[in-house]
Amino acid sequence: MFVVAQVEQKDEPTAVVPTASVRREGSVNRLFAVVDGRIEERLAELGLERDGSVSVLDGVEVSERVVVAPGHEARDGVAGQVKSGGSSRETNHAVARQYLRAAERVCFRPHARDRRGRRRRTWGPRRRLLPQSRPAVGDGRHSMARGGTRRGGRRRQINVLLDVERLQGHGLTGLDVQRALVGQNLAVPGGRVETGPRDVNLRVQARAETVGQLGRIVVRQRGETPVRVEDVATIEDGEEEAESYSSVDGEPVLVLAIQKQSGRNTVAVVDALRDRLGPIEQTLPASVKVKVIRDLSQSIRTQVNNVKEHLVFGAFLAAGVVLVFLGSLRSTVIAALAIPISILGTFALMWLQGETLNVITLLALALSVGILIDNAIVILENILRFVQEQHEKPFPAAILATRDIGLAVLATTLSLLAVFLPIAFVTGIIGRVLRGFGLTMSFAVAVSLLVSFTLTPMLASRWLTPAGTGVRRPVLERLVDWLYRPVERAYLRALRSSLRHRWVIVLACTGALASCLPLLKTVKTAPAASGR
C-alpha cells in the first residue's frame, strides 16, 4: 500500500520526510511529491538521517506531501499526519502509476557546450559540505543556523540539444521529443506472480540510466525504421544554466552562506561552524580548499572587546580620580572595590533575567562605572569626616556615618532607578533593543547601593587609621589638602553670598525652569515616518 505523508519542519532547518519516501539510485536521490492531485518527481539533496526520517536540504518544500514506498508506514512524529492512499487495488494501481510517471529532468538547448569539467569540480564539494555543515550548529533538535544558500555552483542536468534541421527532416518537433522522454523514460508495475504461499510484485524498469540509453528512446516509428532521440538531438551529461557566479582572486569558487536563526547568538553559531570545518576539510579532495571569506562575528567581537577595554579603563580612571581628591591609597582601594563587586552582582541579576553580554549591556556597564563608585565615595567621605573631625574610632564611625547619610544615598539611588528602569519597559523595536540597557543600568545602580551600605563601611572600619594616633599624614593627602583649600574658600564665599540673597537665587532658578518650555519649541525634531 502506498502512503501519502505530510512534510513538516518540526524544529529543523530543513524539511523532514520518511526514509521510505526516498528512492536512491547511486548518487542520485529521488522524491515523489503530490502537487494538485498529481505526482511530481524531484531530485533531492539529503541531510541528516535518524529514526526512520531524513532531512531534505533541497527538492521538497515544507507542507508538501510525499509518497512513501509500498510496504512501509510513516512513523508518527516523523513526517506529520499520515493519510492512507486507499486500500483497494484500483486505488493502489492509480497511485502507483502516478508515483512512477515522472520525466527525467531534461533541458532543451539550441547549442552544445561542454561544461562537465566545471560540474565535476563543484558537485562533489557541494554534496559534502551541505549535509555536514547544516546540522553542525545545534544539538540535533534545536538548530541555531538556517544555512545552505549557494552561489557559484551548478547542478547536474541532462541537456538534450535539438538539431532543428534533423527534426524538420524527420517531420518532428521538440514537443514530440519531450513526449517521448516523458512517456518512455519510466518504470511501470509488471504485475504480480503467485509462487505458492508468496506473492511477488514485478516491476518493469524502463528508465534510462545512462546518456546512451536516453538517446536510444524511440520518438517515432516509421515503418520498420525507428527515429530515436539521438537521431535528432545531441545529449550531454552537463549542468544547469548559471544563475550566479562567485570568484576569489579571479578563480571561480562555490560560496556557501550560513545564516543564523532569529534569536540565536551569532558568535556561538560561527564558533560551532569553525569547529566543524576541520573534519569537513578532511573529507574533501586535496584540490578543494575551504576558506572563510566573510565572518560577521568579527565586527561583533571587535565591538565587544572595545567596550570591555573602555570598561576597564573607565574603572581605573574613576579610581584615579578618587585617589587624587582623597589623597589616600587605602580610601581609594575601599571606594574602587565597589566597581568590580557591583559588576559581579549585576552579572548575577542579568543571568536571572536571561540577559546576555552584548554590545548594549556592556555599554550600560561602561556608563555605570561612574555611578557605581558614587555611593561608595559618599559613604566613605562621611566616615572620614567622623574619624578626622569628630575623632571617632573607625568602627563606630562607620556605623554612625552610614546611618547619618544613608537616607540621602537611598534617595539618590532611587531617583536613578526611576530614570533607567522605565527604559526596560519601552515597547516596539526600540524597546527590544533598549531592554537590556535599562535592566543592566538598574541592576548596577541597585547593587552599588547594597555594596555601599555593606562592603564600604566594613572595609573602612578595618583599614582606616584613627585620628590623633601620631601617624604622619601621607604626602599625597597633604598635597590634596593644600590644593583644595583655595577651592573650599571660593565655595564658602559663594555659599555665603547665596544665603544672603536667597530670593534672587530662588527667582533665578524659577526663571531657568520656566525657560524650558519656550526653548523646547525651538529644538528641531526628527521628521515623522512616511510609512513607506
Side-chain angles (χ1 to χ4, degrees), residues 133 136-138 142-147 248 255-278 280-281 290-323 332-333 335-374 376 416 420 423-424 426 429-448 451:
S133 62
V137 283
H142 303 90
S143 178
M144 295 189 297
R146 182 190 304 113
V248 175
V255 178
L256 175 63
I258 304 296
Q259 181 181 1
K260 76 177 184 67
Q261 288 188 346
S262 177
R264 298 294 183 176
N265 188 281
T266 302
V267 177
V269 173
V270 172
D271 290 341
L273 286 172
R274 288 187 178 273
D275 292 339
R276 292 288 295 170
L277 281 182
I280 290 176
E281 286 184 282
V290 179
K291 181 181 179 182
V292 179
I293 58 177
R294 187 182 182 188
D295 186 358
L296 296 180
S297 69
Q298 292 297 332
S299 60
I300 298 176
R301 298 177 198 269
T302 302
Q303 295 174 10
V304 171
N305 291 333
N306 289 338
V307 177
K308 289 180 180 178
E309 181 181 350
H310 295 162
L311 177 60
V312 174
F313 277 141
F316 278 105
L317 290 176
V321 172
V322 174
L323 178 62
T332 301
V333 173
L337 281 176
I339 297 177
I341 300 301
S342 299
I343 291 178
L344 290 177
T346 304
F347 287 164
L349 294 178
M350 291 172 60
W351 176 75
L352 291 176
Q353 283 294 320
E355 296 293 333
T356 60
L357 287 178
N358 49 55
V359 177
I360 300 298
T361 55
L362 286 174
L363 177 62
L365 288 174
L367 294 177
S368 65
V369 167
I371 301 175
L372 297 180
I373 202 173
D374 280 349
L416 292 174
F420 292 115
I423 297 178
V426 177
I429 298 178
I430 300 299
R432 296 183 62 181
V433 174
L434 296 181
R435 181 179 184 273
F437 180 86
L439 288 178
T440 303
M441 289 291 294
S442 301
F443 292 156
V445 171
V447 174
S448 69
V451 171

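- Here Leu357 contributes atom CG and Met350 contributes atom CE; the two are 5.0 Å apart, rounded to the nearest 0.5 Å.
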Inset, instruction - Show your reasoning for whether side-chain contact (heavy atoms from CB on, under 4.5 Å) applies to Phe420 and Ile371. - result: CA-CA 12 Å; Phe420 292 115; Ile371 301 175; 4.2 Å; yes

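- Here Gln298 pairs with Asp295 under the side chain to side chain donor-acceptor pair (under 3.5 Å) rule; sequence neighbours left out.
- Distance check: Ile360 CD1 to Leu365 CG gives 12.0 Å after rounding to the nearest 0.5 Å.
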Tell me which donor-acceptor pairs under 3.5 Å the side chains of residues 429-446 have, and how far apart each pair is, sequence neighbours excluded?
{"unit_1": "Arg435", "atom_1": "NH1", "unit_2": "Glu355", "atom_2": "OE2", "d": "2.3"}
{"unit_1": "Thr440", "atom_1": "OG1", "unit_2": "Gly436", "atom_2": "O", "d": "2.6"}
{"unit_1": "Ser442", "atom_1": "OG", "unit_2": "Leu421", "atom_2": "N", "d": "3.3"}
{"unit_1": "Ser442", "atom_1": "OG", "unit_2": "Gly438", "atom_2": "O", "d": "2.8"}

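- Here the rule is side chain to side chain contact (heavy atoms under 4.5 Å, CB included) with Ser448, and of Leu372, Asp374, Ile373 only Leu372 fits it.
- A pairwise comparison of heavy atoms in Ala318 and Val369 identifies CB-CG1, 4.3 Å as the closest pair.
- Residue pairs meeting the salt bridge (Lys or Arg N to Asp or Glu O under 4.0 Å) criterion with at least one partner in residues 300-321, sequence neighbours excluded, are Asp271-Arg301.
- When the side-chain contact (heavy atoms from CB on, under 4.5 Å) test is applied to Leu317, no partner is found at least two apart in sequence or on another chain.
- By the side chain to side chain donor-acceptor pair (under 3.5 Å) test, Asn358 pairs with Thr356, Thr361, sequence neighbours left out.
- In this structure the side chain of Val270 never reaches within 4.5 angstrom of the side chain of Ile300, judged on heavy atoms.
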Contacts table for residues 336-348: side-chain donor-acceptor under 3.5 angstrom, sequence neighbours left out:
{"unit_1": "Ser342", "atom_1": "OG", "unit_2": "Ala338", "atom_2": "O", "d": "2.5"}
{"unit_1": "Thr346", "atom_1": "OG1", "unit_2": "Ser342", "atom_2": "O", "d": "2.7"}

